[in-house]
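To start, the structure itself, in structure tokens.
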Amino acid sequence: AHPQVVALALAPAQHVICLSDAARAAAGRSVGSDRVTSLPNPVAIDFQSPPASETEPTILFAGVVGRRKGVDILVEAWRALLDSGTDGTCRIVGPIDDFTPPGLERLTVEGPADPASIRQMIRRARVVALPSRSEEMPMILTEALAAGRPFVATAVGGTRLLAPSDEMLVPVGDAPALAAALRQYL
């Protein structure tokens with residue numbers, strides 16, 4: 001949104017490291033592509049994680065609980081899943097920002113958790129959801145894949161690069177598409 005400010009801030013840097021190719025391209029326009037590298041966050045494979053088919057039908061969202069992360073859309077999708085008779089639960093884990101999920105059947109809202117606890121939650125989930133409106137390279141999705149879990153997310157930032165299948169991606173703000181994709185994995 002402010003390329004001149006970005007150029008001014010990055011000008012003194014000898015080299016810029018970005019989390020995604022999209023960010024690398026944007027930074028490269030400001031400082032020159034020869035001074036920018038894309039280096040996604042590494043995540044170790046979780047060999048202790050059971051197969052997703054051996055878990056309870058649980059959707060896990062872990063992150064900042066707010067509209068930017070699309071939690072409002074996830075709640076709308078969960079309502080649709082409940083209305084259609086879908087079994088399972090939906091867990092929302094993280095600090096509340098600008099959206100507090102309402103009380104719904106089989107939806108839990110939990111506070112922030114440490115990385116080891118998140119790893120355990122991923123192991124117990126059937127699918128991870130991240131319907132964000134804006135992302136760079138979301139760690140929760142790389143952690144889900146490292147644990148052998150599918151995810152359903154919006155194709156923003158570096159998310160598209162992580163998705164092994166287009167069926168894992170939904171349009172931003174599209175609760176019916178999110179519900180349909182989540183139902184497929186539950």
Side-chain angles (χ1 to χ4, degrees), residues 16-20 22-23 37-79 81-82 86-164 168-170 172 178 181-182 185-186:
V16 178
I17 299 173
C18 300
L19 296 177
S20 72
T37 301
S38 177
L39 182 66
N41 287 326
V43 175
I45 294 173
D46 184 356
F47 291 106
Q48 305 303 313
S49 184
S53 61
E54 294 179 10
T55 64
E56 295 295 320
T58 301
I59 299 165
L60 174 65
F61 168 91
V64 175
V65 179
R67 295 184 197 296
R68 184 180 76 78
K69 293 284 190 177
V71 177
D72 55 322
I73 302 302
L74 176 58
V75 167
E76 195 177 326
W78 182 245
R79 274 194 185 108
L81 288 168
L82 289 172
T86 300
D87 288 331
T89 58
C90 182
R91 289 180 80 179
I92 297 174
V93 180
I96 301 290
D97 184 26
D98 63 354
F99 178 78
T100 301
L104 292 175
E105 181 183 347
R106 294 182 274 131
L107 175 103
T108 61
V109 180
E110 305 166 36
D114 62 84
S117 296
I118 298 292
R119 187 177 313 109
Q120 292 300 320
M121 291 176 203
I122 292 170
R123 287 177 179 172
R124 290 189 300 270
R126 178 83 47 92
V127 60
V128 172
L130 186 64
S132 286
R133 291 175 171 90
S134 174
E135 284 294 335
E136 189 55 42
M137 183 59 71
M139 285 297 296
I140 189 67
L141 300 185
T142 58
E143 291 166 335
L145 292 175
R149 293 297 174 273
F151 64 76
V152 176
T154 48
V156 296
T159 304
R160 182 178 296 283
L161 299 173
L162 296 174
M168 300 169 88
L169 300 173
V170 297
V172 173
L178 179 63
L182 290 169
Y185 290 108
L186 289 177

Output the distance between atom [atom1] ([X]) and atom [atom2] ([Y]), rounded to the nearest 0.5 Å.
{"X": "Leu182", "Y": "Phe151", "atom1": "CG", "atom2": "CZ", "result": "12.0 Å"}
{"X": "Leu141", "Y": "Leu162", "atom1": "CG", "atom2": "CG", "result": "6.0 Å"}
{"X": "Ile73", "Y": "Leu178", "atom1": "CD1", "atom2": "CG", "result": "8.0 Å"}
{"X": "Cys90", "Y": "Leu104", "atom1": "SG", "atom2": "CG", "result": "9.0 Å"}
{"X": "Ile59", "Y": "Leu81", "atom1": "CD1", "atom2": "CG", "result": "5.5 Å"}

Sequence neighbours left out, what pairs pass salt bridge (charged side-chain N to carboxylate O under 4.0 Å, His left out) with at least one residue falling in [range]?
{"range": "residues 50-76", "answer": "Arg67-Asp72, Lys69-Glu135, Asp72-Arg133"}
{"range": "residues 88-104", "answer": "Arg91-Glu110"}
{"range": "residues 112-130", "answer": "Asp46-Arg123"}

Of all the heavy-atom pairs spanning [X] and [Y], show the shortest one and how long it is.
{"X": "Gly66", "Y": "Phe99", "answer": "CA-CB, 3.9 Å"}
{"X": "Ala125", "Y": "Thr55", "answer": "O-OG1, 3.4 Å"}
{"X": "Ala129", "Y": "Leu74", "answer": "CB-CD1, 4.1 Å"}
{"X": "Pro57", "Y": "Leu186", "answer": "C-CD2, 3.7 Å"}
{"X": "Gly88", "Y": "Trp78", "answer": "O-CH2, 3.6 Å"}
{"X": "Ile92", "Y": "Pro101", "answer": "CD1-CG, 4.0 Å"}

Report task. Determine, step by step, whether Ile122 and Ile140 satisfy the side-chain contact (heavy atoms from CB on, under 4.5 Å) criterion, reporting the C-alpha distance in whole Å, the side-chain angles of both residues, the deciding distance to 0.1 Å, and the verdict. Result -> CA-CA 9 Å; Ile122 292 170; Ile140 189 67; 3.7 Å; yes

All side-chain contact (heavy atoms from CB on, under 4.5 Å) counterparts of [X], not counting sequence neighbours:
{"X": "Ala181", "answer": "Val152, Val170"}
{"X": "Ala146", "answer": "Val43"}
{"X": "Thr89", "answer": "Thr58, Arg106"}
{"X": "Pro95", "answer": "Val64, Pro112"}

Is the shortest side-chain heavy-atom distance between Ser134 and Val156 below 4.5 Å?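 Result no, sub-4.5 Å side-chain heavy-atom pair not found.
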
field: Stepwise side-chain contact (heavy atoms from CB on, under 4.5 Å) check, Phe61 with Val128
entry: CA-CA 6 Å; Phe61 168 91; Val128 172; over 6 Å; no

- Task: Quick one: list whatever passes side-chain hydrogen bond (donor to acceptor under 3.5 Å, both in side chains) with Thr100, sequence neighbours left out.
- Result: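 Listed in chain order: nothing, the list is empty.
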
In short, side chain to side chain donor-acceptor pair (under 3.5 Å) pairs touching residues 147-162 with sequence neighbours left out are Ser49-Arg149

